[in-house]
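Report on the following structure.
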Amino acid sequence: MRKNYTYPAVKGMRDVFPPEASLYQRLESRARKLLACYGCGEIRTPLLEHARLFERGVGQGTDIVNKEMFFVPSKDQAEDGRKENARQMVLRPEATASVVRAYIEHEMDKISPGVLRYYYIGPMFRYERPQRGRLRQFTQIGVEVLGSALPMTDAEVIIMLEDFLSSLGLQRLTFLLNAVGCPRCRPGYIRKLQVYIGGRQSQLCGDCHLRLDKNPLRVFDCKQPLCRELMARAPVVQDDLCADCAAHHAAVLNLLDRAGIKYQRDARLMRGLDYYTRTVFEVTSSDLGAQNAVAAGGRYDNLVAELGGPPTPAIGWSLGMERILEILPREPDKSGKPFDIYVVSPGGDAIRTFFKVMALRRQGLRIGLEHEPRSVKAMMKRADRLGARWALWAASENPEKVEIKNMATGEQISLGWDDLPRVVGK
RNA sequence: GUGGGCGUAGCUCAGUUGGUUAGAGCGCUAGGUUGUGGUCCUGGAGGCCGCGGGUUCGAGUCCCGUCGUCCACCCCA
């Protein structure tokens, strides 16, 4: 980076240049194609939302809401400077709440009754300390299916995710699965857990003491050896699921088994967002650093009602594109050479050549033309570096004629401008 | 928010116990080849050694601060 630059990019934000940007494009187009096969249509929601949407939707006790929100004050609020006023809008930290908001706001349940399937692709923002696999602006691809409480929907959504990830040829992924219960069975379990932990509080680390009253389920996430040891013998949700949740979970597992999906049941898995119910899952990669979650999701049967909509069961997932790109096998660029023709000499009449090139571009040929050409030797070198299929000289003597050289074979032929599409076109 | 590592050319990095004009490879550029690339050879351009302060006759090198970046914690995609 240029030193002492006055206008550097904001911390945690990244610029993506041409060769790398095509990786995003490929990932996106594959996702669009595959998700369309599962009946998902794209939904685009704003990047800016009211903070209260996430405070209510994601949950007051979550880190996303407590410390990771990117607040955007309006002009008045910024000048006013009072904290409460400045905290009204945020850049979205995730998209599920936005999708649900849009669903409710536009009364999609009435307009289009039945099960609705959406996918989204776009940037999310979280105000965290950047590190490997963690940007302040990152890109998620996600799916939300609204209107079905059936285990088959859980299975379908999970299969969709597995299908996408394995189609990318990703290795060393672990699929973790858990059931976290519902408002009917979870309170009882949490009390049981608190009783268990409460009796052994002295063995817990400092962080876990805080977790105990804020959200005791989180103690399962602790990486301290002592806490882990303690939690290994703690009561697990599965034993306290209500009859409905237990039946649901069993049905989902059965379907996944029959689909041949390989997963690990993990009683410790507790998504860090308040809205999850019943099925939750996470995909991790051992090829990443500490930030090893590649994708995650789960059922959120109460969120729609919670945000003021009609009771509507739902389930979804999202994955981090940057993290996927980091572990994607480096396959050679199959997008082809970026230029069909590279003009190494414009001939006697550069302006005439300029318009000839324009005409060919309109016919779909990809042509490189320097407006400030250097020596032919230098231009040949550049044509080679840029991966042009043909080098072209405009003839000086005859303005209708050109000479082209096949960069791979070295073969060189003379022909008219009008013959180029036929000879060069693929 | 907490802890640690690192900031020297566009990129990857050397830089002796502090000592005079700060180096290499790659890349860029010109030429060897008087319009012809990939190999090879020769030349050239390109550095407030992140920034500020301090110690010293003298600092890229030592000390303090600061900013940036990376990694880890927390948490998550």
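Only a predicted model underlies this, so the values are computations on that prediction, with no experimental measurement involved. Quick note on labels: first sequence line is chain A, next is B, and so on, each numbered from 1.
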Note: contacts of residues 295-303 of chain A with RNA chain B (heavy atom, under 4.0 Å) are A/Ala295, A/Ala296

With distance as the sole criterion, do the side chain of A/Asp384 and the base of B/rG37 form a donor-acceptor contact below 3.5 Å? yes

Salt-bridge contact A/Glu28-A/Lys33 (side-chain N to carboxylate O under 4.0 Å): no

Roughly how many Å apart are B/rG15 and B/rU33, using the C1' atom of each and rounding to a whole number? 39 Å

Residue A/Glu68, side-chain atoms from C-beta onward, closest of B/rU36, B/rC76, B/rC75: B/rC75

Could you measure between the two P atoms, the one in B/rG60 and the one in B/rU16, and give it in whole Å? 12 Å

Whole angstrom value for the distance that separates C1' of B/rA77 from CZ of A/Phe164: 13 Å

Looking at A/Arg134 and A/Glu322, is any side-chain nitrogen of the basic one under 4.0 Å from a carboxylate oxygen of the acidic one? no

Which whole-number value in Å describes the distance from A/Gln291 CD to B/rC75 P? 11 Å

P spacing across the pair B/rU66 / B/rG10, given as an integer number of angstrom: 28 Å

How long is the line joining CZ of A/Arg132 and C1' of B/rG4, in whole Å? 18 Å

Are side-chain N/O atoms of A/Asp301 and A/Tyr275 paired as donor and acceptor at under 3.5 Å? no

Report yes if a donor N or O on one partner sits less than 3.5 Å from an acceptor N or O on the other, where the partners are the side chain of A/Lys67 and the base of B/rC75; otherwise report no. no

Which base sits across from B/rG1 as a Watson-Crick or G-U pair, both distances under 3.5 Å? B/rC73

Value in whole Å for how far the C1' atom of B/rU69 lies from CG of A/Asp15: 15 Å

Return the polar atom pairs (N/O with N/O) between nucleotides 30-35 of chain B and the protein under 3.5 Å, or none.
| residue | atom | partner | partner atom | Å |
| --- | --- | --- | --- | --- |
| B/rG32 | N7 | A/Lys377 | NZ | 3.4 |
| B/rG32 | O6 | A/Lys377 | NZ | 3.4 |

State the pairing partner of B/rA59; accept Watson-Crick or G-U wobble contacts with both distances under 3.5 Å, and report none otherwise. none

Considering Watson-Crick and G-U wobble pairs with both distances under 3.5 Å, what does B/rC40 pair with? B/rG32

May I ask you to verify whether the side chain of A/Arg129 and the base of B/rC70 hold a donor-acceptor pair under 3.5 Å? no

Atom CD of A/Glu128 and atom P of B/rC74: how far apart are they, to the nearest Å? 13 Å

May I have the distance from A/Glu94 (atom CD) to B/rA77 (atom P), rounded to whole angstrom? 8 Å

For B/rG38, does the O4'-C1'-N9-C4 (purine) or O4'-C1'-N1-C2 (pyrimidine) torsion place it in syn, i.e. within 90° of 0, or in anti? anti

Can a cation-pi geometry be assigned to A/Arg136 and A/Tyr127, taking NZ or CZ under 6.0 Å from the six-membered ring centre and within 45° of the ring axis? yes

Kindly say if A/Gln131 contacts the phosphate of B/rA72, meaning a side-chain N or O under 4.0 Å from OP1 or OP2. yes

Would you state whether a donor and an acceptor, one from the side chain of A/Arg134 and one from the base of B/rC74, lie under 3.5 Å apart? yes

Let's test this: given Watson-Crick or G-U wobble pairing with both distances under 3.5 Å, identify the partner of B/rU12. B/rA24

Is A/Arg382 salt-bridged to A/Glu370, going by a charged N under 4.0 Å from an acidic O? yes

By the Watson-Crick or G-U definition, both distances under 3.5 Å, B/rG68 is matched with B/rC6

Find the distance A/Leu269:CG to B/rC75:P and express it as a whole number of Å. 14 Å

Salt-bridge contact A/Lys11-A/Glu128 (side-chain N to carboxylate O under 4.0 Å): no

Atom pair distance, as rounded to whole Å: OH in A/Tyr7 and P in B/rG68: 17 Å

